[in-house]
Amino acid sequence: MKISILDDYHDSLRTLASFNKLAGHDVAIWNDHVQDTDTLAARLKDTEALVLIRERTKIGAALLERLNQLKLISQRSVYPHIDIDACTRLGVIVSSSQHADTPSYAAAELTWGLIIAAMRQIPQQMFALRTGTWQIGVGNSLRGRTLGIYGYGRIGSTVAGYGSAFGMNVLVWAREQSLQRARSDGYVVAQSKRAFFESCDVISLHMRLVQETRGIVTGENLSCMKPTALLVNTSRAPLIEAGALVNALRQGRPGMAAIDVYEDEPLRDPGHPLLTMDNVVCTPHIGYVTRDEYEIQFSDIFDQVNAYVAGNPINVVNPQVFDLLKGRRTS
């Protein structure tokens, strides 16, 4: 098949052991980020299978309608960036492994790294030292403080375990089914959403971005946090009400933030408010970006391509497309 891979910023996929699964295919890899429909349509005009790296590029109807050779989109995890209805209408199969019971340990580890970095002011201390300043302030310990886990899924439960290992008191808030799992795992559940935001010294967000969770963290929620508290988001930026976090930080509640995700990515504006605040630690959406995680993810993604070639597509998220394709073959 003619396969195109978008947004491989560091040309790293061809160095993975799992890349050998595409041996024999005609593979084109693009290392830049492009969202312009005309440019993408020109690049992908002969593409039969499109491989996506998470949600870096939006695949909408206007683009799909110009990709006459496209038969398969293969990726991993959620797919709010893909117009699934348009794919179905146009006969494009979307395969996306949801990796049940397999958390992204890379994302959980980065979350914990950001918590320590923010609470101990590690980036700020490093920058000051490089400019000739010896210590700029006093940080905060984690032991004995309260870690709030908002969203108790695969990653949230892993981060909760890290908190326990560091001697933190773990408090959970989530939908009822997730709260039941947290209770069974021995964690305390907050009495209310307001009490959760008021009580925690660190709050880490761990939810998928769906319609029900978009803007689930409001400005009012943030205003309830302690002026010494830290808000961490390694999940998705739109979980927080638009503009609410910057405003809350300016108001002093919470007192700190550690952020890996943004409304518009890639973020290349050094003047963005979050990048100019001394009380914010920012990373460029690297939660899942480790070689180990890439091997896991792209092994699944390339297996999906080969399953399609073998005539047995797997992890199909739009099975209705088979009715349309069957109709085309019989007409």
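- Asp292 and Tyr105 share no donor-acceptor pair across their side chains, judged by distance under 3.5 Å alone.
- Residues Met1 and Val51 share a single hydrophobic cluster, defined by chaining ILVMFWY side chains whose heavy atoms lie under 4.5 Å apart.
- Annotation: side chain of Asn169 is not in contact with side chain of Val188 (no heavy-atom distance under 4.5 Å).
- Looking at Asn315, its side chain never comes within 3.5 Å of a backbone N or O of Ser95 through a donor-acceptor pair.
- Judged purely by distance below 3.5 Å, without hydrogens or angles, the side chains of Asn221 and Thr218 pair a donor atom with an acceptor atom.
- Closest heavy-atom contact between Ala160 and Val170: O-CG2, 3.6 Å.
- Within 6.0 Å of the NZ atom in Lys193, the count of heavy atoms belonging to other residues, nucleotides or ligands exceeds 12.
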| said: Using salt bridge (charged side-chain N to carboxylate O under 4.0 Å, His left out), reason through Lys71 and Glu48 one step at a time and then give a plain yes or no. | reply: CA-CA 5 Å; Lys71 301 176 177 64; Glu48 296 172 289; 3.5 Å; yes
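- Taken from CG in Asn140 to CD1 in Ile116, the straight-line distance is 13.0 Å, to the nearest 0.5 Å.
- Here the closest non-hydrogen pair linking Phe298 and Leu52 is CE2-O, 4.4 Å.
- Residues Val217 and Leu231 form no side-chain contact, since every pair of their non-hydrogen atoms from C-beta on lies 4.5 Å or further apart.
- The closest side-chain heavy-atom distance from Leu245 to Ile259 is below 4.5 Å.
- Leu40 and Leu72 end up in different hydrophobic clusters when Ile, Leu, Val, Met, Phe, Trp and Tyr side chains are linked at under 4.5 Å.
- Checking side-chain atoms of Asn247 against main-chain N and O of Gly219 turns up no donor-acceptor pair under 3.5 Å.
- Asn20 CG: more than 12 foreign heavy atoms inside a 6.0 Å radius.
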| request: Might you work through the side-chain hydrogen bond (donor to acceptor under 3.5 Å, both in side chains) test for Ser18 and Glu295, ending with a clear yes or no? | output: CA-CA 6 Å; Ser18 58; Glu295 285 285 9; 3.1 Å; yes
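- Remark: side-chain polar atoms of His206 are not paired, donor with acceptor, to backbone N or O of Gly151 under 3.5 angstrom.
- A side-chain donor-acceptor contact under 3.5 Å links Thr213 to the backbone of Arg208.
- Side chain of Thr158 to main chain of Arg154: a donor-acceptor pair is present (N/O by atom type, distance under 3.5 Å, no hydrogens or angles).
- Smallest separation of non-hydrogen atoms from Ala174 and Tyr152: CB-N, 3.7 Å.
- When each of Asp7, Asp32, Asp36 is tested with Arg43 by the rule salt bridge (charged side-chain N to carboxylate O under 4.0 Å, His left out), just one qualifies, namely Asp32.
- With rounding to the nearest 0.5 Å, the separation of OG in Ser77 from CD in Glu55 is 7.0 Å.
- In this structure, Arg175 and Glu212 have side chains that are not in contact, with every pair of non-hydrogen atoms separated by 4.5 Å or more.
- At least one donor-acceptor pair closer than 3.5 Å links the side chain of Asp8 to the backbone N or O of Leu13.
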| request: Could you go through the side chain to side chain contact (heavy atoms under 4.5 Å, CB included) check for Leu230 and Asp201 one step at a time? | output: CA-CA 6 Å; Leu230 167 68; Asp201 297 295; over 6 Å; no
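- Here the closest heavy-atom approach between residue Gly287 and residue Asp260 is recorded as N-OD2, 3.0 Å.
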| task | Kindly determine whether Ile73 and Leu64 satisfy side chain to side chain contact (heavy atoms under 4.5 Å, CB included), including the steps that lead there. | result | CA-CA 11 Å; Ile73 295 176; Leu64 289 163; 4.2 Å; yes
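- For Glu220, the CD atom is loosely surrounded, since the number of other residues' heavy atoms within 6.0 Å does not exceed 12.
- You'll find the side chain of Met225 stays beyond 4.5 Å of the side chain of Cys200, heavy atoms only.
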| field | Verdict with reasoning, Thr88 to Leu324, per side chain to side chain contact (heavy atoms under 4.5 Å, CB included) | value | CA-CA 8 Å; Thr88 302; Leu324 183 144; 5.8 Å; no
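- For Gln191, the CD atom counts as loosely surrounded, since its 6.0 Å shell holds 12 or fewer non-hydrogen atoms of other residues, nucleotides or ligands.
- For the pair Glu198 (side chain) and Cys224 (backbone), a donor-acceptor distance under 3.5 Å is absent.
- Stacking of Arg76 on the aromatic ring of Tyr288 is not recorded, the 6.0 Å distance cut-off and the 45° axial limit not both being met.
- The number of heavy-atom neighbours closer than 6.0 Å to CG of Asp278, taken from other residues, nucleotides and ligands shown, is 12 or below.
- Between the side chain of Asn233 and the backbone N or O of Ser235 there is at least one donor-acceptor pair closer than 3.5 Å.
- In this structure a side-chain-to-backbone donor-acceptor pair under 3.5 Å is missing from Thr47 to Leu70.
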| query | Are Glu265 and Arg236 close enough, and set up right, to give a salt bridge (charged side-chain N to carboxylate O under 4.0 Å, His left out), and what steps lead you there? | reply | CA-CA 11 Å; Glu265 297 184 4; Arg236 292 295 182 271; over 6 Å; no
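- Of all heavy-atom pairs between Pro227 and Arg253, the closest is CD-NH1, 3.5 Å.
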| request: Step by step, work out the side chain to side chain contact (heavy atoms under 4.5 Å, CB included) result for Tyr9 and Ile53. | output: CA-CA 10 Å; Tyr9 298 151; Ile53 299 181; over 6 Å; no
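- When side chains are defined from C-beta on, Phe19 does not count as touching Lys21, because their heavy atoms never get closer than 4.5 Å.
- Here the CD1-CG distance, from Ile84 to Asn318, works out to 5.5 Å after rounding to the nearest 0.5 Å.
- Considering only heavy atoms from C-beta on, Ile155 stays 4.5 Å or farther from Thr234 through its side chain.
- Heavy atoms from other residues, nucleotides or ligands lying under 6.0 Å from CD of Gln211 number 12 at most.
- Nearest heavy-atom pair across Ile3 and Leu22 is CD1-CD2, 4.0 Å.
- Arg181 and Ser184 share no donor-acceptor pair across their side chains, judged by distance under 3.5 Å alone.
- Using modelled atom types, no side-chain atom of Asn306 and backbone atom of Asp303 make a donor-acceptor pair closer than 3.5 Å.
- Under the 4.5 Å side-chain criterion, counting only non-hydrogen atoms from C-beta, Gln304 is not in contact with Gln75.
- Using a 3.5 Å distance cut-off with no hydrogens or angles, the side chains of Arg291 and Thr15 do pair a donor with an acceptor.
- In this structure, CG in Asn279 is found 8.0 Å from CE in Met256, a value given to the nearest 0.5 Å.
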